[in-house]
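To start, the structure itself, in structure tokens.
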Amino acid sequence: SQASILDLYDPDRKSTLQQVDGRQSFARTWDEFEGWLARRRREMAASQGEGLAILTEKTSSPSLLAALRRVQKTFPMSQLYFDDSSGSQEERGLELAYGRPLTTRLDLSKARVILTLDSDLLQESSDALRHTREFANKRDPDGEWMNRLYAIESSVSVTGAAADHRLPLRSVDMEAVTAILTRQLLTPADSPSLAEDVKQSLSHLPKTMVAQVTRFLEAVIDDLRVHSGRSLVVAGPNQSVAVHARVHRLNEQLGNVGQTVQFFESPATDIKSGGLNDLASAIADSEVESLVVLGCNPVHTAPSDLKFEELITRVPHSITLASHDDETARACSWRLPMTHPLEAWGDVRASDGIISVTQPLIEPLLGGKSPLELLAMLTGDPRDAQTIVRESIEESVADSLSNRQWRRILHDGFFRESRASEVRPELSASANIQEHFTSRVNESNALELVLSHSGATYDGRLANNGWLQETPHAITKLTW
């Protein structure tokens, strides 16, 4: 958050509109772009938006989701795609376990025993600040009780460094670990002994390591049984769909749901959308005539075998709204400057449904537009961004806001009364978790390459920020 101030004054931020025609590039104004877009809007209206595709990052913003709904209502044949290059396994695993999309919120303040499986929930989680506070509050030796943290991970993390007990294990072996935990905790009578189970499931490990894993899991299983309803099992975002589904089943059977694990309805369940693979297939099949990319960089984030740069050049009309001339911008025919978050109206929804409002602290320095404003242009919505945000919050809570309430929200930064109601879903009886296990090789001499986000520059998109480059790594303390 603090380093984002430096991004506001980044000299490499995009400041001009460009239209590219072949090898020629022309400087344009917003008026010229709006004139071109108005003509395209009339053409798309005639075909109900057939051939229109919108790509954006996954979002919980009520106003942005409402704007996307308006696009789908205005252009019924249009298609929406989310950049699912990161974190999709968690969502798919949750949907596999319960049969519908949900939002998860973890409550570490109630967890006396915590098991993390390749999960750095104290640093990499979207709720890391709250997790850290709740975890630290229960580490007081003079308190009523202290929590206990077990970490099984493939590389040293902040969570692993803070753990009472840590077991180094390859990321690929987490599937075997969750299978062992499921058998030993849920069906112990029909399962082999723990020692035999570990020996069979992790046969590629040396005998000394098998014994170490057995002792570790024995302590974990005993602790989870004793603290049923007061424990928590968490898997990391890099883990497979099957691992996440099994973790949810473990938490359900241990009685943790409703205590340390809370579920809320997903804010985008009514929006029909696809992922990057779906968009790549649509472009390859010549189904996309107009592509609008909102604040994401699929040429950089998508798997290389999708060849997104080549695909975008096939689209007759491609528009990108970007803060920098990134890889995707260089492949599009219209390149528009995007506002910094400190220059634009917007909102976000926390995991428990509480809505926070972001307000501009300064007029756009470089004349950019926000994704919300561009979508309003696309649908011909005449409202300004503040009005869109306010009315989308009213729509989310199904109630109108008085001017006094709106000023209070702007003063506090969030809307206290917007917390969502917790739901208690039932496990899906028809889910076949086994078919979602990966076919990765389990061999003792096989090397494993684990790609993870940087704690400072994320996936590289923040590499231009010198303050973040100078931020010491949480474990190694290295910079740059």
Which heavy atom of G99 sits nearest to which heavy atom of S428, and what is that distance? N-CB, 3.9 Å
The criterion is ring pair (Phe, Tyr, Trp, His ring centres under 6.0 Å); which residues satisfy it with W345, sequence neighbours excluded? none
Side chains of T260 and L106: closer than 4.5 Å at any heavy-atom pair? no
Is the ring pair Y98/H248 parallel, tilted or perpendicular, if the boundaries are 30 and 60 degrees? perpendicular
Donor-acceptor contacts under 3.5 Å from residues 309-316 side chains, at least two apart:
residue	atom	partner	partner atom	Å
E310	OE2	R314	NH2	3.2
T313	OG1	E310	O	2.5

Show, in sequence, the C-alpha distance, side-chain angles and deciding distance for T104 and F263, and conclude whether the side-chain contact (heavy atoms from CB on, under 4.5 Å) test is met. CA-CA 5 Å; T104 308; F263 292 119; 3.5 Å; yes
Steps toward side-chain hydrogen bond (donor to acceptor under 3.5 Å, both in side chains) verdict (E175, S240): CA-CA 8 Å; E175 290 189 348; S240 67; 2.9 Å; yes
Can you give me the closest heavy-atom contact between S356 and F414, atom names plus distance? OG-CB, 3.6 Å
What is the minimum heavy-atom distance between S318 and A331, and which atoms define it? OG-O, 4.2 Å
Heavy-atom distance under 4.5 Å between the side chains of W36 and R28, does that happen here? no
Value for CD1 (I114) from CG (L122), rounded to nearest 0.5 Å, stands at 7.5 Å
In Å, rounded to the nearest 0.5 Å, how long is the span from OG1 of T471 to CG of N465? 8.0 Å
Side-chain donor-acceptor contact under 3.5 Å, Q239 with S171: yes
Identified side-chain contact (heavy atoms from CB on, under 4.5 Å) partner of D381 from the options I388, T387, T74: I388
Any donor and acceptor pair, going by atom type alone, linking the side chain of S61 with main-chain N or O of D347 inside 3.5 Å? yes
Without swapping roles, check the side chain of N297 against the backbone of T328 for a donor-acceptor pair under 3.5 Å. yes
Run the salt bridge (Lys or Arg N to Asp or Glu O under 4.0 Å) check on E90 and K58 step by step: do they pass? CA-CA 13 Å; E90 292 177 282; K58 291 187 175 182; over 6 Å; no
So does R69 pair up with D270, basic N to acidic O under 4.0 Å? yes
Beyond-backbone contact of D107 with E134, side-chain heavy atoms, under 4.5 angstrom: yes
Drop me the distance from L129's CG to Q123's CD, to the nearest 0.5 angstrom. 10.5 Å
Using modelled atom types and a 3.5 Å cut-off, is there a donor and acceptor pairing between side-chain atoms of S418 and backbone atoms of F415? yes
State, with a plain yes or no, whether a side-chain heavy atom of V292 is found less than 4.5 Å away from one of V71. no
Determine, for R70 against E395, whether the closest basic-nitrogen to carboxylate-oxygen distance falls under 4.0 angstrom. no
Can a donor-acceptor pair be found, under 3.5 Å and without considering hydrogens, that links the side chain of N251 to the backbone of V233? yes
Do R40 and S290 have side-chain N/O donor and acceptor atoms under 3.5 Å apart? yes
Measure the shortest side-chain to side-chain distance between Y9 and L365 over non-hydrogen atoms and say whether it is less than 4.5 angstrom. yes
Non-hydrogen side-chain atoms of S396 and R349 separated by less than 4.5 Å: yes
Is there a side-chain contact between D21 and Q19, using heavy atoms and a 4.5 Å cut-off? no
Check A235 against S119 and note the closest heavy-atom contact, atom names and distance. C-CB, 3.7 Å
More than 12 heavy atoms of other groups within 6.0 Å of Q405 CD: yes
S154 and M174: which non-hydrogen atoms are nearest, and at how many Å? N-CE, 4.5 Å
How long is the gap from SG on C296 to CZ on R461, to the nearest 0.5 Å? 8.5 Å
Decide salt bridge (Lys or Arg N to Asp or Glu O under 4.0 Å) for E343 and R13; before the verdict, give the C-alpha distance in whole Å, the side-chain angles of both, and the deciding distance to 0.1 Å. CA-CA 13 Å; E343 299 172 327; R13 277 184 65 193; 2.9 Å; yes
Which value, rounded to the nearest 0.5 Å, describes the distance between T379 atom OG1 and M44 atom CE? 10.0 Å
Under 3.5 Å side-chain donor-acceptor pair for E394 and W406: no
Quick check: do V234 and V247 have side-chain heavy atoms less than 4.5 Å from each other? no
At their closest point, which heavy atom of G93 faces which heavy atom of H244, and how far apart are they? CA-CB, 3.9 Å
Which pairs with one or both residues in residues 456-480 pass ring pair (Phe, Tyr, Trp, His ring centres under 6.0 Å), sequence neighbours excluded? H453-Y458
Should T301 and D83 be marked as a side-chain hydrogen bond (donor to acceptor under 3.5 Å, both in side chains) after you check the CA-CA gap, both sets of side-chain angles, and the distance that decides it? CA-CA 8 Å; T301 59; D83 185 343; 2.9 Å; yes
Between CG of L80 and CG of D278, what distance do you get to the nearest 0.5 Å? 11.0 Å
